[in-house]
Amino acid sequence: MICTLAVLPLVAQTRITMPKNKYKVQDDIKLGRDASREVARQFPLLNDNQTERYLESVGERLVAAIPPEFQQPAFSYQFDVVNARDINAFALPGGPMYVNRGMIEAARNEGEMAGVMAHEIAHVALRHATAQATKQNSVGNQLGTIGLILGGAIFGGQGGAQLGAIGAQVLQTRYSRDYETQADVLGSQIMANAGYDPRDLANMFRTIEQQSGGGRAPEWLSTHPNPGNRFENINREAGRLNVVSNPRKITPEFRRVQERLSSMPRARTMAEIQRDYQRTGGRNTQTQSPIANGNYSRTVAAPSARTRVYSNSAMSVNIPSNWQDFDTSGQVWFAPEGAYGSEGITHGAMIGAARSNSGNLNQATREYVDQLLQANTYLRQTSNQQRATVAGRTGIATVLSGRSSVTGRNEVVTVYTAQLRSGDLFFVATVSPEEESYRYNSIFRDMVSSIQLND
Ligand SMILES: [Zn+2]
């Protein structure tokens, strides 16, 4: 005789109860909105369309997979990339989420990246930030007090001090262990619903723990403490869920974005970003996007003979005191008013580093100049590589020129290159209309020789 039994899962998926919360849903939204403004002011956002669009598509897939009982129609989930090297991600009440570039680069597949996002989305959907404030502060019910409880990693300095009073320093809750467990469970359920394997969430946590030895992920671990047996518990939950037979792992989009990120100049660490922020007295050069805010003008003031020192964690340089500086995704632009905008700069200089695998200055320079020529089709190379001293090192100068569509005049671009100790290529590209060269040549020479590199 054969005993036939209907096969049922032995254990159902874990049920989650929304934690007690005395705050209104609107309070979550307001806290998150205030804090996200501060994040945009203090953190360098990558602002790369392709990466951003990709992150949003993954985020939207996850948000659509939140179980109906935890969906908050008033929340607006948004996804931004912070151009920082550390493996970190954080979500603010009401939905704004930030994923560090280092997190995307460290993930071994899309599922691992989505896992961290699903975990963060779970914290938001379960309203853990205000729930925790409810637990810790049963007396006061003013929003202002939450800011103190949810103190986070927003930097000090002038900007931070101004903000303190309004209690909007909600950067990141240090979640309790039971909330961590809830976020792991709901995060796993969201992943399974969205076509991912929740085991990738467990794998990513293991990666984060392993990398924290190198000091790359302490922030994430201190705000999301391991509630104990995290890896095993997530895998157990995964066994209770319906995981599709072919979960999303390495997708073409994931591969493209990782390649794109690895071709960009190395991102700063959060510690370096904080140092730079404090050094400039809380004036974040990032929020003023030269691309978004610039306007070209027919008359551009001549470079001031007086100079000022610009410095960040990577270098310092003397620039004319009437030039502004813009830190844009790893490059710094220096230009006077009226000389910057969506087509780059018409007068001034751009300084940065480019990834190089060749270890050979001539070849790395050729590759970099080729990229410049491809991106600026109106330019032609008008000199061979010439020896030059750049930041006290043996370097190369290459001259390009062509008729600029912005000014309608002939433009001269001199590209100075030298090698960084990492093997990457350091570059300075100086730009001016040809007929104004006489005003700029000596300024550019002084600028290039004043550069000090901290590599
Ligand atoms: Zn967490």
Side-chain angles (χ1 to χ4, degrees), residues 14 16-19 21 28 31-32 35 39 58-59 62-63 65-67 70 72 75 77 79 82 86-100 102-104 106-107 111-136 146 149-153 170-192 194 196 198-212 216-238 270:
T14 307
I16 297 167
T17 320
M18 191 89 178
N21 197 321
D28 285 48
L31 279 168
V39 169
V58 172
L62 293 168
V63 167
I66 301 172
F70 300 119
Q72 293 284 357
F75 282 5
Y77 291 91
F79 305 89
V82 178
D86 320 58
I87 301 177
N88 198 17
F90 59 94
L92 299 171
M97 186 189 296
Y98 300 87
V99 179
N100 275 16
M103 179 72 88
I104 306 173
E112 292 196 352
M113 181 189 87
V116 172
M117 294 168 73
H119 176 99
E120 296 286 350
I121 288 170
H123 279 307
V124 174
L126 295 168
R127 303 182 55 211
H128 278 161
T130 44
Q132 190 141 312
T134 303
K135 260 202 308 200
Q136 292 172 349
I146 297 184
I149 298 161
L150 306 182
V170 191
L171 179 66
Q172 205 172 6
T173 310
R174 279 173 210 287
Y175 295 109
S176 65
R177 278 161 207 272
D178 48 327
Y179 289 174
E180 279 309 298
T181 303
Q182 277 200 329
D184 285 348
V185 171
L186 183 57
S188 299
Q189 296 173 0
I190 292 171
M191 283 192 79
Y196 292 101
R199 293 170 190 89
D200 281 332
L201 168 63
N203 293 338
M204 188 66 192
F205 286 160
R206 188 158 268 185
T207 302
I208 292 172
E209 277 170 12
Q210 283 163 354
Q211 301 246 9
S212 70
R216 291 185 65 203
E219 181 67 28
W220 201 89
L221 287 173
S222 68
T223 48
H224 302 268
N226 186 335
N229 302 322
R230 168 168 255 161
F231 184 81
E232 296 74 14
N233 291 343
I234 294 172
N235 279 307
R236 195 171 54 236
E237 186 69 25
M270 287 308 292

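Every number for a ligand or one of its atoms is a count from 1 in the order of the listing. By convention here, the first residue in the shown sequence is residue 1.
Under the rule for a side-chain hydrogen bond (donor to acceptor under 3.5 Å, both in side chains), N235 has no partner lying at least two apart in sequence or in another chain. By the side-chain hydrogen bond (donor to acceptor under 3.5 Å, both in side chains) test, R199 is found to be paired with D197, residues two or more places apart in sequence or in another chain being considered. F79 meets the ring-ring contact (aromatic ring centres under 6.0 Å, His included) test with no other residue; sequence neighbours excluded.
Classification of R230 and E180 as a salt-bridged pair holds, one side-chain N sitting under 4.0 Å from a carboxylate O.
Screening the protein for N, O or S atoms under 2.8 Å from the Zn ion (ligand 1) yields 5; no waters enter the count.
With contacts defined as side-chain heavy-atom distances shorter than 4.5 Å, the pair E237/T14 qualifies.
The aromatic rings of Y175 and H123 lie parallel to each other, with less than 30° between the two planes, well short of the 60° mark.
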